[in-house]
Structures are given as structure tokens and as C-alpha cells.
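Since we're looking at a predicted model, the values are computed, not measured. All chains are named by letter (A, B, ...) in the order of the sequence lines, taking the proteins before the strands, and each is independently numbered beginning at 1.
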Amino acid sequence: MTLRTRFAPSPTGFLHIGGARTALFCRLHTRRHGGVFVLRIEDTDQERSTPEAVEVILEGLRWLGLDPDEGPFFQSDNTELYRAAARRMVEEGSAYPCDCSRETLDEMREQQRLRGEKPRYDGRCRNRTTPIGDQPHVIRFKTPPAGETVWEDKIQGTILIDNAELDDLILIRSDGSPTYNLAVAVDDHHMGITLVLRGEDHVSNTPRQIHIFRALGWEVPEYAHMPLLHGADGAKLSKRHGAVSVLQYREEGFLPTALNNYLARLGWSHGEQEIFTMVELETWFDIGDLGRSAAIFDQNKLLWINGHHIRAAAPPQLVPELARQLGRLGIDPVPAPERLAAILPEFQPRAATMVEMAQKCRFLFVDSVLPYEEKAARKHLTAAALDPLLGLARHLEGVADWSPPSIEAAFQQTLQAFGLAMGQLAQPLRVVLTGSAASPGIIETLHMLGREQTLRRLHEGAEYLQQRH
RNA sequence: GUCCUGUUCGUCUAGUGGCCUAGGACACCGGCCUUUCACGCCGGUAACACGGGUUCGAUUCCCGUACGGGACGCCA
């Protein structure tokens with residue numbers, strides 16, 4: 001039987017980093033074993049599910065390159081399937097109607113809590129003899145009162161739960177809609193899911209779902225519960241707690257391959273390798289190699305991995321994202337792709353994110369870099385810098401082809417003429433050309449900037465110096 | 001509170017009874033390279049939660065304690 005897994009987010013908000021990791025693990029594990037990766041949208045909560053959230057989740061998955069092999073399927077399309085399953089269970093005696101009010105239930109739980117018991121439904125409607133009729137009611141599952149439920153979790157190992165710990169969960173709400181546990185079991189069966197891979201926070205739902213499978217006479221799938229992702233405070237990452245949308249990472253200049261690489265390394269390792277391509281992950285990743293404890297998200301390491309992927313990328317691959325980020329910085333029009341591809345190699349080793357890269361190469365695409373960075377100007381734009389800069393301008397005006405060797409020659413001639421060391425000319429020049437004291441190599445910087453802009457900024461700098469000193 | 005579950009450097013991890021005076025990576029600190037900033041290279045600080053067993057020998061196995069996390073909805 002071929003492996004079939006599913007990623008089943010509920011569309012009640014953005015796709016956060018924890019959800020993305022679950023999707024990634026499903027995808028990688030499935031690919032590794034030649035299976036099928038299914039996407040199912042769990043929108044049985046009509047109150048909170050929105051089409052916008054569905055769109056955002058799909059976009060997040062698309063950006064990460066985690067498109068499903070099948071789906072997306074929507075649970076809201078299967079309502080009749082769930083109702084039929086519930087009806088059958090009532091007929092066969094494994095489920096029953098219950099008309100206890102929410103107030104009754106609240107009070108019940110409150111009392112139990114006071115007595116130090118686990119809050120749970122006490123099953124008072126289980127054996128009722130009077131028919132409910134048209135009264136609003138829910139359908140509850142008749143949980144086996146004794147015995148234990150055990151499964152061999154592919155990540156956690158053997159998990160054994162005493163059935164006495166479980167209460168009679170609701171299958172169908174009073175408005176006729178199915179609840180999570182029913183919908184999941186029915187869909188996992190009908191979609192032929194063989195491995196349910198999800199977060200550890202679902203462990204307690206597993207025995208309930210296994211019971212439903214058994215009541216319906218279906219084969220129970222395998223389960224694997226992966227450790228959760230925690231925030232810096234050590235608590236579970238969730239939409240209400242610290243987790244941001246994966247699309248936010250795109251805005252901040254992270255590459256999808258880097259994010260996948262980092263997420264995969266959280267809880268999993270392969271020898272002493274840190275950097276992985278998607279293909280490598282798909283050939284080596286296996287949930288059997290996952291650790292069992294939660295991991296804390298570390299932005300620093302993500303930055304390092306991102307920088308690595310930026311450096312390893314072929315320039316043309318980065319062009320669209322650099323263009324987008326420059327646009328966000330107000331560069332209009334955005335430079336031509338060929339131009340960006342040409343300058344990219346100089347900036348790849350100098351940026352941990354695409355946002356940082358856009359900021360660092362911005363000086364190439366503006367009309368003027370004034371005002372200069374204050375600290376840089378104070379340190380390097382002294383009165384002594386004026387004459388050498390003007391001298392360099394004269395030498396540069398004689399350069400016809402603007403090739404790096406020619407620029408270098410003009411630069412060396414100026415150095416000799418004024419008896420200066422490299423840094424004494426390079427630093428003031430850098431400030432005048434880029435506005436800051438840090439940039440790619442000075443010859444490369446002149447070359448990238450072009451003859452016209454270089455000379456213009458040289459004179460602009462000379463003017464600044466004359467006014468200041 | 002009850003049930004489930006976890007615990008190796010600050011963080012991610014290697015480690016499945018002797019190869020561990022515990023390895024790698026990020027971060028941090030030094031140094032080298034260098035026209036600046038990066039990249040790269042070299043080096044350093046830093047961890048087996050605690051207590052009992054089992055064993056010739058425990059980071060590794062068992063029990064307990066502590067601390068952490070998850071679950072306990074007509075949410076998923």
C-alpha cells in the first residue's frame with residue numbers, strides 16, 4: 001500500500017511557522033517514501049473559517065514550494081458524509097443523542113474542577129429512555145468505558161491511554177455540523193490516509209479518533225506526533241502566541257529554501273551537515289530520525305542559513321526578489337534584471353537577508369547619496385581628503401573604457417601623486433560614492449556605479465568638503 | 001487538579017553501556033586575511049537536571065524527584 005499523508009490546517013488565520021513545519025515534514029517524509037501528499041482544509045468551524053485565510057495558507061505553501069499532490073479538499077464539501085457516519089453510529093449503538101444544555105455542561109465541569117477531577121461529560125444521556133424528539137440536541141460518541149487504547153506512534157513510541165480518561169465527545173453539533181474528531185476520522189478513511197503526521201498537541205485526540213475508526217469498522221491509520229515548536233519563552237508557538245505568518249518571512253527577505261532548511265533541522269539532523277537543498281531533504285528526511293523534544297525557534301541560526309543560501313544561489317535566481325525588495329525601498333523604476341544579475345555577486349556575501357541586500361545596494365540606484373552617514377563623514381571626509389578626491393576625478397576623466405583594470409590604474413596614479421596609502425583614498429571615496437563607510441571593494445564599486453555617477457558624486461563630495469572646511 | 005509527554009553547551013543537535021577527559025553548528029570572544037564591510041580560515045569559553053538503583057563500567061537501561069511542555073470545548 002502506498003503511503004498517503006495529509007496536511008490539514010484550519011483556515012482561521014495565516015499559515016504560521018509551526019504549521020509550515022508540519023507541512024514540510026509531511027511533504028518530505030512522503031517524498032522520501034514515494035507517497036502522496038494531500039492537503040485538506042479543515043473548515044468545519046463555520047464561525048471562524050474564512051476564504052481569505054484559505055487563500056493565505058495556499059499562498060504560504062506555494063511560496064515554500066510545498067504544493068500538495070492532491071487537494072486542497074474542503075471538509076465543508078463533505079458534510080453529508082459525516083452526518084451519514086454519525087447516523088450509522090447511532091443506529092448501531094455506538095453514538096447517541098444528548099440534549100444537555102451548555103449551561104448544564106459548564107456547571108458540570110466547574111463542579112468537577114472543584115473536586116479536583118478531570119473536567120468531562122458524565123454521560124448522563126447515554127442510557128436515557130425518553131426520546132428527545134425535536135428538541136435541539138447533539139450526537140455524542142459512546143466511548144468504551146473500560147479497557148485501554150494503545151498505538152505504536154512512529155515518533156513517540158508506544159502510547160497507552162486508559163479509556164476511563166476519555167468522555168463521550170460530541171460528533172454532531174446541535175446545528176447539524178460535524179466536529180473535528182468525527183470529520184478527521186471520516187476524511188482520513190475516505191481519503192485513504194495511511195499515516196497521520198501532526199503536532200504533538202493532537203496526541204490526546206488520537207484515542208478518540210481510533211475509537212471512531214473501530215466503531216465504523218475501518219482500518220486505523222498509523223500515527224506520528226511530532227514535537228512542537230516553541231517560542232523563546234519555551235511555550236508552544238501559536239497564532240495567538242508569537243508565531244508570525246510564513247509570508248512575513250518573505251517580506252523580511254528570507255528565501256523559502258533557507259526557511260525549509262532551517263525548519264527541517266529543528267528536531268532532525270543528518271550527520272554533521274547543516275545546509276541542505278530541497279532535493280537532499282527529500283532523499284534523506286525520515287520521521288523515524290526525529291527527536292522527541294520541542295525545539296525553540298532561533299532567529300540567529302535562520303539568518304546564518306539564509307545568508308548561506310543567498311551566497312549559494314545563482315544570481316539570476318535572486319533577481320526577482322532583489323527587484324521586489326528594491327521596489328519596497330522606493331526605487332522606481334526597478335533596475336533591469338541584467339543589471340541586477342551583474343551586481344549581485346558583489347552583494348551575495350554581504351547580506352543575510354534580501355532586505356539587507358536591497359539596503360546595501362540601494363546607493364547604486366539613487367540620484368544622490370546625500371546626506372552622508374554622519375559617523376562615516378566625520379571620520380573620513382576631512383579637509384585633507386579634498387585634493388586627492390579632485391585629483392582622482394581628473395585621472396578618472398581620462399579613463400575611456402571604464403574597465404576595472406583602467407579604474408585601478410587611475411586609482412594607483414592618484415595614490416602615487418599624493419603619496420597616499422590605499423585606505424586614505426578609498427575610505428573618503430567610499431563615503432562620497434555610497435554615503436557609508438562600508439561597501440564592496442572600491443574598484444568594484446566604481447565599476448558598478450558607472451563613470452557618470454562616479455564623477456558626479458566625486459564633484460558633489462568636493463563641494464560638500466569645500467563648504468564644510 | 002487529572003492524563004500524556006519531554007529533559008546533552010544560551011540555542012539546534014551527535015551520541016543507543018566502554019571509541020566521551022562528550023563531537024558538530026548558530027550565537028559570543030580572540031586571531032588571520034584585508035582599502036572598508038562582509039565572506040572565508042584558525043583558535044577559545046560553554047552542556048549530560050537531581051537522587052537512587054542495575055552493571056566490572058552509565059550521557060546511554062530501570063525507578064523516583066524536580067522543572068518544562070501538551071491536552072482536558074457544540075476550536076481545530
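Residue A/A295 has its side chain nearest to B/rU13 when only B/rU5, B/rC74, B/rU13 are considered.
Taking atom P on both nucleotides, B/rU21 is separated from B/rG40 by 33 Å, rounded to a whole Å. When the C1' atom is compared between B/rA58 and B/rC41, the two are found 38 Å apart, to the nearest whole Å. When the C1' atom is compared between B/rA47 and B/rC26, the two are found 16 Å apart, to the nearest whole Å. Between B/rC74 and B/rG69, the distance separating the two C1' atoms is 28 Å to the nearest Å. B/rC42 and B/rC33 have their C1' atoms separated by 11 Å, with the value rounded to a whole Å. To the nearest whole angstrom, the two P atoms, one in B/rG23 and one in B/rC48, are 13 Å apart. Taking atom C1' on both B/rG1 and B/rC56, the two are 46 Å apart, rounded to the nearest angstrom. Going from the C1' atom of B/rC50 to that of B/rA66 covers 7 Å, rounded to whole Å.
At least one donor-acceptor pair closer than 3.5 Å links the side chain of A/N261 to the backbone N or O of A/E274. Between the A/D99 side chain and the A/C125 main chain, no donor and acceptor come within less than 3.5 Å of each other. A side-chain donor-acceptor contact under 3.5 Å links A/T206 to the backbone of A/H202.
The base of B/rA76 sits within donor-acceptor range of the side chain of A/N205, with an N or O pair under 3.5 Å. For A/E200 against B/rG6, no side-chain N or O and base N or O form a donor-acceptor pair under 3.5 Å. Between the side chain of A/S174 and the base of B/rC74, a donor-acceptor pair under 3.5 Å is found. Between the side chain of A/R430 and the base of B/rU35, at least one donor-acceptor pair of N or O atoms lies under 3.5 Å.
Among the heavy atoms of the strands, none lies under 4.0 Å from A/D162. No contact: A/P9 has no heavy atom under 4.0 Å from any strand. Heavy atoms of A/C98 sit nowhere under 4.0 angstrom from any nucleic acid atom. The residue A/I296 sits close only to the backbone: its heavy atoms come under 4.0 Å of sugar-phosphate atoms, none of a base. In this structure, A/E165 reaches the sugar-phosphate backbone alone: every heavy-atom distance under 4.0 Å involves primed, P, OP1 or OP2 atoms, never a base. Within the 4.0 angstrom heavy-atom criterion, no nucleotide atom of any strand lies near A/I172. The residue A/S439 sits close to a base: some heavy atom pair falls under 4.0 Å. Heavy atoms of A/T12 sit nowhere under 4.0 angstrom from any nucleic acid atom. Contacts of A/R115 with the nucleic acid, taken as non-hydrogen atoms under 4.0 Å apart, are absent.
Both the sub-6.0 Å distance and the 45° axial angle are not jointly satisfied by A/R40 relative to the ring of A/F74.
One interatomic measurement links the two molecules: NE2 of A/H230 to P of B/rG6, which rounds to 13 Å at whole-angstrom precision. What separates CZ of A/F276 from P of B/rC12 is a distance of 17 Å, to the nearest Å. Atom CE in A/M226 sits roughly 16 Å away from atom P in B/rG6 (whole-Å rounding). Per the geometry, CG belonging to A/L303 stands 15 Å off C1' belonging to B/rA25, to the nearest Å.
Side chains of A/T149 and A/N163: a donor-acceptor N/O pair is present below 3.5 angstrom, by distance only.
For A/E107, the CD atom is loosely surrounded, since the number of other residues' heavy atoms within 6.0 Å does not exceed 12. Under a cut-off of 6.0 angstrom, the local environment of CZ in A/R362 is sparse, with at most 12 non-hydrogen atoms contributed by other residues, nucleotides or ligands.
One distance of note links CZ of A/R430 with CD1 of A/I442; it measures 4.0 Å at 0.5 Å rounding. Atom CD of A/E47 is separated from atom CG of A/D175 by 8.5 Å, given to the nearest 0.5 angstrom.
Residues from residues 51-61 of chain A placing a heavy atom under 4.0 Å of any atom in RNA chain B do not occur. Contacts with RNA chain B (heavy atom under 4.0 Å) in residues 256-271 of chain A: A/R265, A/L266, A/G267, A/S269, listed by number.
Between A/R198 and A/V184, the closest side-chain pair of non-hydrogen atoms falls below 4.5 Å. For the pair A/Q273 and A/E280, the minimum side-chain heavy-atom distance is below 4.5 Å. Two residues are said to be in side-chain contact when any heavy atoms from C-beta on lie closer than 4.5 Å; A/F141 and A/I212 meet this criterion.
Side-chain N/O atoms of A/R48 include none lying less than 4.0 angstrom from OP1 or OP2 on B/rA76. Under 4.0 angstrom from either OP1 or OP2 of B/rA71 there lies at least one side-chain N or O belonging to A/K236.
Aromatic ring pairs are classed by plane angle as parallel below 30°, tilted from 30° to 60° and perpendicular above 60°; the pair A/W268 and A/H270 is parallel. Between A/H225 and A/Y223, the ring-plane angle classifies as parallel under the 30° and 60° cut-offs.
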Review item, nucleotides 38-41 of chain B N/O atoms under 3.5 Å of protein N/O:
from, atom 1, to, atom 2, distance (Å)
B/rA38, O2', A/P349, O, 2.3
B/rC39, O4', A/P349, O, 3.4
B/rC39, O3', A/R311, NH1, 3.3
B/rG40, OP1, A/R311, NH1, 3.2

